[in-house]
2 protein chains.
Amino acid sequence: MALDLGPLDSHMGYLLRRAQLAVFADILPSLAEHDVSPADYAVLTVIDRNPGAGQSQVAETLGIQKTNFVPLIRRMEARGLVLRTPSARDRRSVALTLTDEGSALLGRLHAAAQAHIDRVRGHLGAAQYDALLEPLQRLASVSRPS
Amino acid sequence: MALDLGPLDSHMGYLLRRAQLAVFADILPSLAEHDVSPADYAVLTVIDRNPGAGQSQVAETLGIQKTNFVPLIRRMEARGLVLRTPSARDRRSVALTLTDEGSALLGRLHAAAQAHIDRVRGHLGAAQYDALLEPLQRLASVSRPS
DNA sequence: GTTTTTGGTTATTGAGGATAACTATTTTCC
DNA sequence: GGAAAATAGTTATCCTCAATAACCAAAAAC
């Protein structure tokens with residue numbers, strides 16, 4: 001049924017894409033239950049760890065363009081997960097913080113993510129899983145002017 | 001500038017996504033010079049290795065839905081890269097083969113891909129690069145009923 | 001104090017992937 | 001042999017992402 005992939009089966013980009021899709025497919029349903037996308041989850045996590053950070057900082061940290069970040073963060077504000085308070089020292093920027101509801105949701109999301117991680121870790125073996133993390137971090141900086 | 005990622009910085013899904021985007025960003029311009037997307041490149045490669053295969057087989061092998069595969073393969077046919085010949089034994093299916101022009105282009109694409117692989121391999125170190133391949137293949141089957 | 005840069009916004013576009021519904025052929029199976 | 005189910009391909013449509021351009025207000029640079 002499955003055809004020969006030729007050189008693709010050892011092509012880093014191709015393997016990364018397939019692996020990423022498979023891993024995302026595993027966590028997606030758990031997040032969707034809470035009506036949250038992977039990007040949403042990442043944004044909540046970063047705001048939680050950096051309360052008061054500005055929109056552009058959060059967006060840039062996650063590799064999201066500020067222009068695409070606007071509707072995303074607005075939806076979260078509308079859902080009551082995030083507070084957007086005008087910054088005192090810089091009247092252009094808005095400081096982002098989680099509401100109590102946002103914090104509570106994030107807690108549930110972390111639990112779901114942990115179950116997902118346990119599955120993937122089990123599939124791969126803990127040692128191999130851990131060994132993967134550092135090289136993947138390094139790969140993320142290919143093509144970036146380091 | 002960059003904020004704290006919290007648990008994301010060791011989250012497999014997040015790292016895979018960032019790594020995949022970075023690696024794709026590295027090869028994208030080379031492919032774009034030939035007006036070819038990563039998906040196009042994968043399709044040409046698979047047809048080359050499996051001449052005469054049907055559309056759905058190629059699509060399924062690459063994880064592309066047959067419905068989205070139609071415009072893609074039609075564009076390649078229109079460009080004179082691919083031949084779509086009605087199969088003799090199954091009059092529903094079309095057999096895919098590369099034209100000489102498709103073969104020639106694929107040769108140039110493989111060369112560009114090799115240069116890209118060398119870059120990534122250099123960035124990571126050959127040993128670490130090679131060590132990544134197998135676990136990534138395994139990851140691709142998470143969430144699939146093995 | 002003018003110029004430049006930065007934080008945020010709007011509007012718009014294009015690519016990728018997903019669903020539904022359909023035709024024509026082949027296969028299954030009673 | 002013939003009805004029913006499965007398969008190969010197609011069209012049309014939709015939705016989510018990511019990217020571009022143009023803009024305002026405020027701050028920083030010079």
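Side chains are part of it too, since the values below use all heavy atoms of this structure and drop only hydrogens, waters and symmetry mates.
Side-chain polar atoms of A:His11 and B:Thr45 form no donor-acceptor pair below 3.5 angstrom. Of the N and O atoms on the side chains of B:Ser87 and B:Asp90, not one donor lies less than 3.5 Å from an acceptor on the other residue. Under the 3.5 Å distance criterion, with hydrogens and angles disregarded, a donor-acceptor pair is assigned to the side chains of A:Tyr41 and A:His110.
Look at B:Gln55 and you'll find a side-chain N or O under 4.0 angstrom from OP1 or OP2 of D:dT10. A:Arg84 has no side-chain polar atom (N or O) that falls below the 4.0 Å cut-off from OP1 or OP2 of C:dG7.
In this structure, A:Gln57 atom CD and C:dG7 atom P are separated by 8 Å, rounded to whole Å. D:dT7 atom C1' lies 12 Å from atom CD of B:Glu60, rounded to whole Å. Atoms CZ (A:Phe69) and P (C:dG8) sit 9 Å apart, rounded to a whole Å. At whole-Å resolution of the value, CZ in B:Phe24 and P in C:dA15 are 17 Å apart. In this structure, the CD1 atom of A:Ile73 is 16 Å from the P atom of C:dG7, given to the nearest Å. In this structure, CZ of B:Arg91 is placed 6 Å from P of C:dT25, rounded to the nearest angstrom. Distance B:Leu28 CG to C:dA15 P: 13 Å, rounded to the nearest Å. Atom pair A:Lys66:NZ and D:dA21:P shows a separation of 14 Å (rounding to whole Å applied).
Side chain of A:Arg92, nearest nucleotide from C:dG7, C:dT26, D:dT10: C:dG7. Picking from C:dT9, D:dA8, D:dA26 the nucleotide with the shortest atom distance to the side chain of A:Val70 gives C:dT9. Taking every side-chain heavy atom of A:Ser93 into account, C:dG7 is the closest of C:dG7, D:dG9, C:dT26.
Distance CG/A:Leu96 to CG/A:Asn50: 10.5 Å, rounded to 0.5 Å. Atom CZ of B:Arg108 and atom OG of B:Ser30 lie 14.0 Å apart (nearest 0.5 Å). A distance of 5.5 Å separates CG of B:Leu124 from CG of B:Leu132, quoted to the nearest 0.5 Å.
A residue-by-residue look at B:Arg89 and A:Arg74 shows that A:Arg74 has its nearest nucleotide of DNA chain C further toward the 5' end.
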Could I get a table of every N or O pair under 3.5 Å where one atom is in the protein and the other is in nucleotides 16-18 of chain C?
unit_1	atom_1	unit_2	atom_2	d
C:dG17	OP1	A:Arg17	NH2	3.2
C:dA18	OP2	B:Gln65	OE1	2.9
C:dA18	O5'	B:Gln65	OE1	3.4
C:dA18	N7	B:Asn68	OD1	3.1
C:dA18	N7	B:Asn68	ND2	3.1
C:dA18	N6	B:Asn68	OD1	3.1

- Item | Full working for side-chain hydrogen bond (donor to acceptor under 3.5 Å, both in side chains) between B:Gln128 and A:Glu134 | CA-CA 10 Å; B:Gln128 214 169 18; A:Glu134 192 240 347; 3.2 Å; yes

